[in-house]
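Here's the structure, in structure tokens; my notes come after.
Basis for what follows: all heavy atoms, side chains included, without hydrogens, waters or symmetry-related copies. Per chain, numbering begins at 1; letters A, B, ... match sequence-line order. The shown structure was predicted, so the numbers you read here are calculated from the model rather than taken from an experiment.
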Amino acid sequence: MEGKPNRSDAIGNKTSLSKKTSKRVWDSIAAYTVQCEKCSKWRFIPTKEKYEEIRERLAEQPFFCETAREWHLDLSCDDEPDVVRDGSWRWAIDKPSIPQCPPGWQRILRIRAKGGTKFADVYYVTPSSKRLRSMMEVQSYLNEHPELPGLTASQFSFQIPSPLEENYVRKRHARSVTLHDMSDTVMPVNPTSWVVSDQKRDSHLVGEEGSTSYVEAPAQS
DNA sequence: GCCACCGGTGGC
DNA sequence: GCCACCGGTGGC
């Protein structure tokens with residue numbers, strides 16, 4: 001809400017969320033955005049691959065609006081932001097320095113529903129469409145597939161982003177009753193965030209602090 | 001029967 | 001307290 005002026009670079013890119021009904025794997029991500037180090041405006045990154053590339057190197061290679069000229073001709077800090085925190089999107093703060101996904105693999109991020117015990121899940125899909133949920137599984141897979149050249153576990157990361165919205169994830173000792181019967185429950189902290197939750201699916205989370213971020217599509221069932 | 005999603009917990 | 005890991009299961 002309070003547009004804090006920071007020099008963070010957030011990345012986001014706009015993944016088409018077209019209603020493709022094929023049963024291929026989908027991120028629950030609508031867009032990837034990066035924040036310009038200079039003007040702080042958020043810029044869409046056109047592809048997930050580009051986003052992952054920028055994210056990996058963001059610490060050494062800050063992002064500027066001019067960087068986006070690679071896909072957005074003549075873009076400059078004078079142009080309107082591609083996206084603003086107006087509440088119509090849910091944002092996730094990405095972790096820095098996540099290695100680029102190996103070619104032929106996919107790194108999938110699934111944002112969980114609000115009120116659960118975890119914000120998101122990361123998994124990798126192998127070239128043979130196997131789904132790997134942890135480093136242990138990655139390591140075993142690599143061991144079983146010596147034909148895959150030059151792959152090491154260090155090229156994988158299961159770090160999940162953080163929700164900007166407070167209380168998106170249920171606190172561990174919150175009473176389980178709150179989810180089912182909130183009518184006469186006094187919220188222990190941050191009542192405002194529950195107000196936000198009243199607007200259902202369109203709450204949002206925002207990246208900050210030089211991190212990359214995702215924008216999740218309004219959850220449409 | 002499969003698999004996407006969620007919860008729980010052990011280890012740090 | 002956090003999070004990596006994995007088991008369970010509901011919905012398809």
- line: By side-chain contact (heavy atoms from CB on, under 4.5 Å), A:Glu137 pairs with (sequence neighbours left out) A:Leu132, A:Arg133, A:Ser134
Test side-chain contact (heavy atoms from CB on, under 4.5 Å) applied to A:Ser97 - qualifying residues, sequence neighbours left out: none
query: Rounded to whole angstrom units, what separation is found between the CZ atom of A:Arg112 and the P atom of C:dA4?
result: 12 Å
Neighbours of DNA chain C within residues 135-144 of chain A, by heavy-atom distance under 4.0 Å: A:Met135, A:Met136
All N/O contacts under 3.5 Å from nucleotides 7-10 of chain C to the protein, with atom names and distances to one decimal?
unit_1, atom_1, unit_2, atom_2, d
C:dG7, N7, A:Arg133, NH2, 3.3
C:dG7, O6, A:Arg133, NH1, 2.5

message: Tell me which pairs pass side-chain hydrogen bond (donor to acceptor under 3.5 Å, both in side chains) where either residue lies in residues 144-156 of chain A, with sequence neighbours left out.
response: A:His145-A:Glu147, A:Thr152-A:Ser154
query: Atom CD1 of A:Ile111 and atom P of B:dC6: how far apart are they, to the nearest Å?
result: 11 Å
- prompt: What residues form a side-chain contact (heavy atoms from CB on, under 4.5 Å) with A:Pro99, not counting sequence neighbours?
  reply: A:Glu56, A:Ser157
task: Rounded to the nearest angstrom, tell me the gap between atom OH in A:Tyr123 and atom P in B:dC5.
output: 7 Å
query: Roughly, in whole Å, what's the span from NZ in A:Lys118 to P in C:dC2?
result: 14 Å
field: Aromatic ring proximity A:Phe156/A:Trp105, centre distance under 6.0 Å
entry: yes
field: A:Lys130: salt bridge (charged side-chain N to carboxylate O under 4.0 Å, His left out) partners, not counting sequence neighbours
entry: none
message: If the cut-off is 4.0 Å, is A:Arg131 near the phosphate of B:dA4, judged by side-chain N/O to OP1 or OP2?
response: yes
query: So, is A:Ser134 close to the C:dA4 phosphate, meaning a side-chain N or O under 4.0 Å from OP1 or OP2?
result: no
- prompt: Which pairs pass salt bridge (Lys or Arg N to Asp or Glu O under 4.0 Å) with one or both residues in residues 69-81 of chain A, sequence neighbours excluded?
  reply: A:Lys50-A:Glu70
Integer-rounded Å distance: B:dC5 P and A:Lys114 NZ: 19 Å
- line: Between OH of A:Tyr124 and P of C:dC5 the distance, given in whole Å, is 12 Å
field: Partner residues of A:Asp82 under the salt bridge (charged side-chain N to carboxylate O under 4.0 Å, His left out) criterion, sequence neighbours left out
entry: A:Arg43
